There are 2 protein chains.
Amino acid sequence: MSRLDRTLIADLAPFEGMQAADLDTMLGQARSMRVVKDTAIFDQEAEAHAFYLLLDGHVRVVKTTPDGQQVIVRYISPGELLGIAHALGRTTYPATAVAAVDCVILSWPSRLWSEFAAAFPSFGANTYKAVGARLQDAHARVIEMSTEQVDRRVAHALLKLVQQTGKKTEDGLLIDFPLSRQDIADMTGTTLHTVSRLMTAWEERGLVKSGRQKVTVVEPHKLLLLAEGQAGK
Amino acid sequence: MSRLDRTLIADLAPFEGMQAADLDTMLGQARSMRVVKDTAIFDQEAEAHAFYLLLDGHVRVVKTTPDGQQVIVRYISPGELLGIAHALGRTTYPATAVAAVDCVILSWPSRLWSEFAAAFPSFGANTYKAVGARLQDAHARVIEMSTEQVDRRVAHALLKLVQQTGKKTEDGLLIDFPLSRQDIADMTGTTLHTVSRLMTAWEERGLVKSGRQKVTVVEPHKLLLLAEGQAGK
DNA sequence: GGCGTTGTTTGCGTTCTCGCAACGTTTATC
DNA sequence: GATAAACGTTGCGAGAACGCAAACAACGCC
């Protein structure tokens, strides 16, 4: 792990407030690896041997129902931890993590989590803060699924992705990894057909531009209005 | 806090693996209080001054949307912690907690949480394990909302409540607190009308018996079949 | 450059679920 | 014991979203 890397890594949320030396201790025990697009980092129900830090790329967290339906729980961006089942007293991963693009990740054996958390209190606190945010996010999703209709859910999902990974282009903000209609449907609890219809309607109104596995939000503000639903259609 | 109380409390999940003396330390700083039915224990968005342990009764955790719709996040049973926002790095409560029946609770100032967690590692671990379970539960709800239709969601919600609070009666398993059609609707993301229709249909088939704010599951096994949807209707 | 694969669009019929409205029933209040 | 309030039931019409099917477009592979 080169010095340059450490400097960059030190600013990431999971390590906020940590001593540089302590961070080095952690990094010294990490294994760096490259994951190619569409490869699983870990599988639902598998033994949680390790936890990970995403350095570069984007990871899709997916749950599959017994009858084969997929639900995308969330997308992970660089600087976030994943696979921290161990920190929550679980022995298996609750979901599958798949690289949405080629990724670079660090990994540590799960067993080290407790050691790190005990030795570096900031690290433990940061992790639990992240867990709290995820719990809140999950509840927000439940509420959204309970109370909002499809178009608003889809609009909201796109806005979240743009906020997370939006890349400025001449057309607007591009979501920075391949995202199909089916993916959007799996995030919002609908079908690719409905998503497709929505996207064409929005494209006609100039809110978004989209192509094959590609979405650009042209008018985030108008899309937000639609998501929050202050105004009519 | 009498000795009898301590003996009963020592078996609760949040204190598993703790020394009796340490538990006494915690209980010594607790405030015991009675909460009457339909009174709020804490409010959404309010400063998280305290965390609580439910000793007796049942608590409904509710989130209200900006436009006034209610969603019931979960019901809490005796022996569970609530209001642990502080443990997850939050300063406000994410939801409102209301006594579904007259309740007895203990409370501690939030500030003590960190002290307890540091001094009594089992307590911290137990809490995070519970958080992990809640996170998993929330994800399961998202998935259910995304993939299952209303009847299965309602069936599943009833089964969870029965499992949590089921009280054996001559008719079957009674859910042990007042539960209206509207409450069930708020748990499952539907309307009281749809719930009412389902309940009458199920009553005719002998799966449940229900009255005003009262639900008894007569045939849990058949209801489970309906929830899991192996068989047709 | 042709060909299969994968992703997207669009039409049409169907179904689930909602929303409204009216009515019945139980419980609380004075 | 009468009256109001809260809760539950039921009928009917409407609309959102699904599911199927077919056609189209982009991309990768040999």
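Source: prediction; values computed, not measured. Chain letters run A, B, ... following the sequence lines, proteins first and then strands; every chain starts at 1.
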Using only side-chain N and O atoms of A:T200, determine if any of them is under 4.0 Å from OP1 or OP2 of C:dT10.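 For A:T200, the contact criterion (side-chain N or O under 4.0 Å from OP1 or OP2 of C:dT10) is met.
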Hey, is the side chain of B:T191 poking within less than 4.0 Å of OP1 or OP2 on C:dT17, counting only N and O atoms? no
Beyond-backbone contact of A:F51 with A:H86, side-chain heavy atoms, under 4.5 angstrom: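 Of all side-chain heavy-atom pairs linking A:H86 with A:F51, none is under 4.5 Å.
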Using a distance-only test with no angle check, is there a side-chain donor-acceptor pair under 3.5 angstrom linking A:S77 and A:Q164? yes
Under a 3.5 Å threshold, yes or no: a donor from one side chain and an acceptor from the other, between A:D67 and A:T65?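 Yes - a donor-acceptor pair under 3.5 Å links their side chains.
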What is the distance, to the nearest angstrom, from the [atom1] atom on [X] to the [atom2] atom on [N]?
X	N	atom1	atom2	value
B:D38	D:dC7	CG	C1'	14 Å
B:D186	D:dC7	CG	C1'	14 Å
B:Q149	D:dA16	CD	C1'	14 Å
B:D183	D:dC7	CG	P	9 Å
B:M199	D:dT10	CE	C1'	16 Å

Of A:W113, A:W108, A:F42, the residue whose pairing with A:Y52 passes ring-ring contact (aromatic ring centres under 6.0 Å, His included):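 For A:Y52, the ring-ring contact (aromatic ring centres under 6.0 Å, His included) check succeeds only for A:F42.
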Expected output: side-chain [X] to main-chain [Y] donor-acceptor under 3.5 Å:
X	Y	value
B:T188	B:R153	no
A:T216	A:L174	no
A:R141	B:I143	no
B:D137	B:R134	no

Scan nucleotides 1-8 of chain C against the protein and return all N/O pairs shorter than 3.5 Å with their distances rounded to 0.1 Å.
from	atom 1	to	atom 2	distance (Å)
C:dT6	O2	A:R212	NH1	3.4
C:dT6	O2	A:R212	NH2	3.0
C:dG7	O4'	A:R212	NH2	3.4
C:dT8	OP1	A:Q213	N	2.9
C:dT8	OP2	A:R181	N	3.0

Looking at CD1 of A:I105 and CD1 of A:I76, how far apart are the two atoms once the value is rounded to the nearest 0.5 Å?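 CD1 of A:I76 is found 10.0 Å from CD1 of A:I105.
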From CZ (A:R90) to NZ (B:K129), nearest 0.5 Å: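 Taking CZ in A:R90 and NZ in B:K129, the distance rounds to 10.5 Å.
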Take atom NZ of B:K160 as the centre, draw a 6.0 Å sphere, and report whether it contains more than 12 heavy atoms from other residues, nucleotides or ligands. yes
Under-3.5 Å N/O pairs linking protein and nucleotides 20-24 of chain D:
from	atom 1	to	atom 2	distance (Å)
D:dC20	N4	A:H193	ND1	3.4

If we fit an axis to the first five pairs and another to the last five of the helix from C:dG1-D:dC30 to C:dC30-D:dG1, what angle do they make, to the nearest 10°? 40°
